[in-house]
Amino acid sequence: MAGLLDYTDGSSVLHRLNPLTKLVLAFAVCVAAFVTGNLWYLAALLAFSLGLGFVGGIGRVALRLLWTLVRVCAFLFVLQLLFIRAGTPIWLFVTDVGVATAARVSLRLMDATMPLVLLLSVTQASDLSGALVKVARLPYRYAFTLMTALRFIPVFTGEMAHIIQAQTARGVPFDTKNPLRRVSLILPLCVPLLVSSVGRIDQAAISAEARGFYLRRRDSGYKDYPFAVRDGVALLVAAALIAAAVLVR
Amino acid sequence: MSMLRFDRVGYSYGDGIAVHDLSFHIAAGEFTALVGSNGAGKTTVTKLMNGLLKPQSGTVYLDGVATASARTSRMARAAGGGVGMLFQNPDHQISKNTVLDEIAFSLSFGSMSRAEQRERAAAIADEFGFRADAEPFALSRGERQLLALASVLVAEPAVLILDEPTCGLDWRECMLVMDKVRARNQAGTTVVMVCHDMEVVGDFCRRMLVMDEGRLLADGTPDELFRRADLFGQAHIAPPQMVQLALRFADGDDALSRAMAPTADIQTALNAVLPLLSARTVQSGTCGPVVQGGVT
């Protein structure tokens, strides 16, 4: 099964957008989420992100991502309810301000995460780095660093899953139903993850150098990334999202 | 009595079927090899055995208990010997700062007293030739593999699952690992080992399960299955080189049987194959020059 950040092949309009346009669109959703405090608008942004997933033919990936974020945000929501004391109590220790703030923070987190992950799922890493170098004029070493960091997220996620399995198999109770116990057991696992990560990154760096990393220039790539009409439309949508966020603030 | 039983087990990762309608059973005390090409479903089968993966269809029974309803960590620590698993990459298992802590870590989740944990861990460290205060990540790849094995064996598992335990090891390290495993098997531990090295399989295992594309192709002793070139072609694996040579030139079963002698007893194997070679004109350039006479 493909991971959340793995590229999903396709020919949808989202796949055909310029990689930079996708970045701008994702960034615009993120900015809009932080400009506005309107809960309805934050929910609408979430629906927009989900819609992007279905337009890109990765509806199932979008729903999986949403489910993952909902679980994280539920934890965050409860924490906010526990610690925010301002406002009028509506039930036990829960205040109206606490509920509104918790909902706002949770929705913002989902709004800020979803579009970037979804748009990266419909963009080849090589295209994104190519566009950053050729169109945005970013030095190749920075584009490479960014792409490598993104590429390693699913790798390390998989690595962590293997480590957890290996530790469970030797009797560490990771399969407990108590989430706090699980969190306490995760900490010692940072050691094997760190060791394997450092080793892997070192190998990747040596491998890149052996293949002429420092010889690469802006015109080394053969592929061009022109802007099309659809990119213009997408950029207009991005601008409209921010403008609407300012209006409903 | 079956220690492990697969009853029409199926498992898939998304759209890719890893294991399809798999049924077999392994008796207590057996030493079984699980062989097949990469992607045949061997690792999935090992993870189904100790409940790391739960079957999507069918049932896996470990000592009569369905793994779907049991927690893996509890099965690992079961009283009277649980199920231990050695992963291909020892670095996934190692998490402590000293060899002694690493070995004792497996015992720390049970009911054993701390003094007893340290005592047992020290005994195993001594058996494996480790300095108790050595730093695990400063050890060589082979030594880390041995340490991971020691950490599994300290819990005295009744079932030992090994996922390519000899991968990346030189011959000496490989024999060190396998000798420890064989000693446990001779003491009654059931061993299931995924392995690509047919010399090791031929030397140590008494039973082979050959897998291809998630299905069980054959089940038998190495001696029986190594003779079936068609089977090995289908599973994309090759029997030991000595056996291949004997198969090419042998007229009867006697030479073949002697060629299947353990690699440690290389003289017997060579003495079985060389007369066959010298009696014929070797057509293939890959066989190299034929040595006249036996090995002295």
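If you're wondering where the values come from, they're calculated on a predicted model, not measured in any experiment. Note that these values count all heavy atoms, side chains included, but never hydrogens, waters or copies made by symmetry.
No part of B:I161 comes within reach of chain A, as not one of its non-hydrogen atoms sits under 4.5 angstrom from that chain.
Around NE2 of A:H162, the count of heavy atoms belonging to other residues, nucleotides or ligands within 6.0 Å does not exceed 12. Counting heavy atoms of neighbouring residues, nucleotides and ligands inside a 6.0 Å radius, atom CD of B:E119 does not exceed 12 of them. Environment of CZ in A:F83: sparse, with no more than 12 heavy atoms of neighbouring residues, nucleotides or ligands closer than 6.0 Å. By the neighbour-count criterion of 12 heavy atoms within 6.0 Å, atom OH of A:Y142 is sparsely surrounded, having that number or fewer from other residues, nucleotides or ligands. Other residues, nucleotides and ligands contribute more than 12 heavy atoms inside 6.0 Å of the CG atom of B:D21. Within 6.0 Å of atom CZ in A:R230, more than 12 heavy atoms from other residues, nucleotides or ligands are found, so the atom counts as buried in its surroundings. More than 12 heavy atoms of other residues, nucleotides or ligands lie within 6.0 Å of CZ in A:F156, so this atom counts as buried by the packing criterion. Heavy atoms of other residues, nucleotides or ligands lying less than 6.0 angstrom from CD1 of B:I17 number 12 at most.
Inter-residue side-chain proximity for A:L185 and B:F109 is flagged as met; some heavy-atom pair is nearer than 4.5 Å. Two residues are said to be in side-chain contact when any heavy atoms from C-beta on lie closer than 4.5 Å; A:V172 and B:F105 meet this criterion. At a threshold of 4.5 Å between non-hydrogen side-chain atoms, the residues A:P173 and B:R77 count as touching.
No donor-acceptor pair closer than 3.5 Å links the side chain of A:R170 to the backbone N or O of B:G84. Between the side chain of A:Q165 and the main chain of B:F87, no donor-acceptor pair closer than 3.5 Å is present. A donor-acceptor pair is defined here as one N or O able to donate and one able to accept, closer than 3.5 Å; such a pair exists between the side chain of A:D175 and the backbone of B:S73.
Distance check: A:T176 OG1 to B:R74 CZ gives 8.0 Å after rounding to the nearest 0.5 Å. Taken from CD1 in A:I163 to CG in B:N89, the straight-line distance is 8.5 Å, to the nearest 0.5 Å.
Options B:G51, B:P157, B:A76, B:S108 differ in how many heavy-atom pairs under 4.5 Å they form with chain A, and the most are formed by B:A76.
For the pair B:Q93 and A:Q167, the tightest heavy-atom approach, listed with the atom from each and the gap, is O-NE2, 2.9 Å.
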